[in-house]
Amino acid sequence: MKKTNRRAPGSWLRRCLWGLLVGFVILVIAGLTAPKVIRCHKDPLLGYWHHLGQISWALTTYSGENGGKLPPNLETVGSSGDTWTYFPEITRQDRPDSIIVALAKSFSKADGTYLVGTGPHKMVLSLDGRRILLKEADYLKCVRDQQHPSWKSWKRIESPDPWEFLTEPLWHTGRELVSPEPLAPQEVRKYIRQLNHSIKTTRWDASGELGDHGPPDKDVIDALLQALSVPDAGYHSAHGLARLSIQDRSVVPRLITVLESGDRASAYWAAVALEEIGLQNARAAILPMTGKLFAEGDIPTTAAKALAGAGPHAADAVPQLIELARSDRSWASKCAVIALGRIGPQARQALAPLKHMLESGHGNRIDLARALCRIDPAQASELVPMLVAEIKSQQSSGKHGQPMDHAFFSAIDLLGEIGPQATAAIPVLQANLKGSAAINAAWALWRIDPGFSETATRTLTRYLTVSTRRPDRLDQLARNTGIRQNQLHSGKPGFDHSFAARIPALGALWQIHPDKRQALMPLLVTLLREWEREKVLKKLYPNARTALPALHALLESEIAPDLRTLAIEVKRKIETTDPGRW
C-alpha cells in the first residue's frame, strides 16, 4: 500500500495551539522584563495623555509664569511609583516604542533649561519651547556641564522703544510673497476623479487641494457640492465652497438647496459652509438655518453658531434659540446662548430665561453673562464681581500646570467689553499681564481705562517682535553630538510669537494707536500672506476679532484683487470663529 504524507487534521491544530501558547509566554516574559521606559502610565501633572509638544507647552508655560519653577506635582513623581510617560511624535519614525519618561530628579536647577528622562532617550526642554533628544552618554555629559557657571541662558533684551519692530524688514515682506498658483486644468480633472476614490486619504487630499487651490469655475463648484456627502471629503469641500463663494455668488443659493433637501451628511457640511461664509453675507440662509435648530445629529449646533454670526439679522429666530438654550443639548445650548447675545437688544424677550439659567447655576455662566450684557448693558455692573471671582478661582484652583479654560479668557474679554463699569476688575487684570492671558488682559485694561495705554502697548508689542537668536547651550549640544534635533531655531531672523498671538496683538494696537495705523498696515498684509501660505484655520481664537477694524480699513483702501479676496476670507473666518469658544 502506498504511503501518504498527509497528517491527521488534529496534529495541525495541536501545532497551532502550541505555537500560540509559546508566543503568549514569550510576550509575558518580554513584558515583565522590559525596561520601564516602554510601560504606560497616566500623566500625574495634567491627568491625561499628552504628546511631547503638548507637555513641552504645559511645562514651559507654567515655568514662564512662575519664575522658572516647575509644578509642585513633579516632586512626588517617582517616589509614589507613578511614571510620567509620553509617545512623542518626533521619535516614532526612529523607534515606534520610544517613550519619554520624566522624573523629578531629572530636572536641573540651572538657567531654565530642563533635562528630562530615564529611558534610552533624554529630552531637553527650554523655556522658549525648543526641545532635542539626547542619547545616554550625551545626556550624562550635559548633566555635568550644565552646572558649570560659564553656561548661562541667553534672554532677549527688551528695547526701550516698544515700536522698534516696525523697522524690522521681515515685517515688510508681505507684498513680495507670491500667491499660490491655482490648479492646472489637468490637475483639476485628476482631483475631481479622486473625490470618489476607494482610499479615504486620497478623497481627503483631493477635496483639500480643490478647496484650497481650485479655480472658481463650474466644474470645481459642482464637484465640491457633490462631495459634501462623500465620507472624508465633506470637511475640505465645505471650506472650499466658503472660499469660492467670495468670487461666485451662485454658491450660497446652491448650499441652501443642499441644506434643505440633501441627505444628513451633505446638509450638515452645507451648514458648516454657510456658517463660515457668515449669514450676514448670506441672509437668505437665515430662515432655513433656523429650521435646522432642532434637527437630528450635529446640525443644530452648527445652525446656532451660524445664527450667532448673523447677529441682529437673526432676530426672528429668538424664540427657537431660547428653546434650544433651555435644552439639555449642552454644546448646542451654549451656542444658542451666544447667538442670543450677538442678536443683542432685539433679543430682549430672552432676558428673563437667561437670568434664570444663570441664577440656577447653569454651566455656561460666562456665556450667559455676556449675552445679558449685550442684550441689556444695564446688567453689566451687577456681573463684574462674578467675572472677577471666576478669574481668581481658576488662578487659585491648585491645578498646577493646567492651562486656564475658556471661561477664564472669556471672563477677561467680557470685562473689557463692559468697559468703564468694570474698574473694580483692574487689579486682577493687572495680575494677568504676564502669562497666557496677557493679550486679553492688556486689551481689557485699555478698554476699561484708556490711561493704561502705555501699559497695554508694552505688553502687546512684545508679541510682534522679530529676533535673530544667538547660539546657546542647545545649539552646542546639537553641534557637538549626534543627537536628533527638533524645533531648534535657525540663525535667521524669525517672529518670536505665533500667528495666533500676533494677529490680535496687531489689531489691538491698531485701535489703541490711531496714529500708528499707516505703519501697521504692512504688518497686516504680512499676516494675510502668512495665512495664505499656512492656512492657519485652526490657530485662530476669538480675540482675533480685535483685527476686524484693521481689515475693514484695508478693504476700503486701494489693494490688489488677490489681496482683497484674501482679506475677505480672513475677515469672514475671524467673524465666524467658533462662538462656542467665547
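The aromatic rings of W269 and Y235 sit perpendicular to each other, their planes meeting at more than 60°, with 30° as the lower class boundary.
Counting only N and O atoms by type, the side chains of S266 and D263 include a donor and acceptor under 3.5 Å apart. Side-chain atoms of S245 and R572 include a donor-acceptor pair closer than 3.5 Å.
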Hey, mind stepping through Q280 and E575 against side chain to side chain donor-acceptor pair (under 3.5 Å) and telling me if it holds?
CA-CA 10 Å; Q280 72 275 29; E575 287 173 338; 3.0 Å; yes
Tell me, with the steps shown, if F408 and I366 meet side chain to side chain contact (heavy atoms under 4.5 Å, CB included).
CA-CA 9 Å; F408 174 82; I366 309 301; over 6 Å; no
Could you walk me through whether F499 and L527 pass side chain to side chain contact (heavy atoms under 4.5 Å, CB included), step by step?
CA-CA 7 Å; F499 179 94; L527 284 169; 3.8 Å; yes
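Taking a cutoff of 4.0 Å between a charged side-chain nitrogen and a carboxylate oxygen, K218 and D248 do not qualify as a salt bridge. Between R529 and D562 there is a salt bridge, since a side-chain N of the basic residue sits under 4.0 Å from a carboxylate O of the acidic one. A salt bridge between K190 and E187 is absent, with no side-chain N of the basic residue lying under 4.0 Å from a carboxylate O of the acidic one.
Residue T576 comes nearest to E275 through the heavy atom pair CG2-O, 3.0 Å, listed as atom of the first residue, atom of the second, then distance.
Going from atom CZ of R243 over to atom CG of L210 covers 9.5 Å, rounded to the nearest 0.5 Å.
Remark: the backbone N or O of L324 is paired with a side-chain donor or acceptor of S327 at under 3.5 angstrom. Side chain of S261 to backbone of V258: no donor-acceptor contact under 3.5 angstrom is found.
Other residues, nucleotides and ligands place more than 12 heavy atoms under 6.0 Å from the CD atom of Q186.
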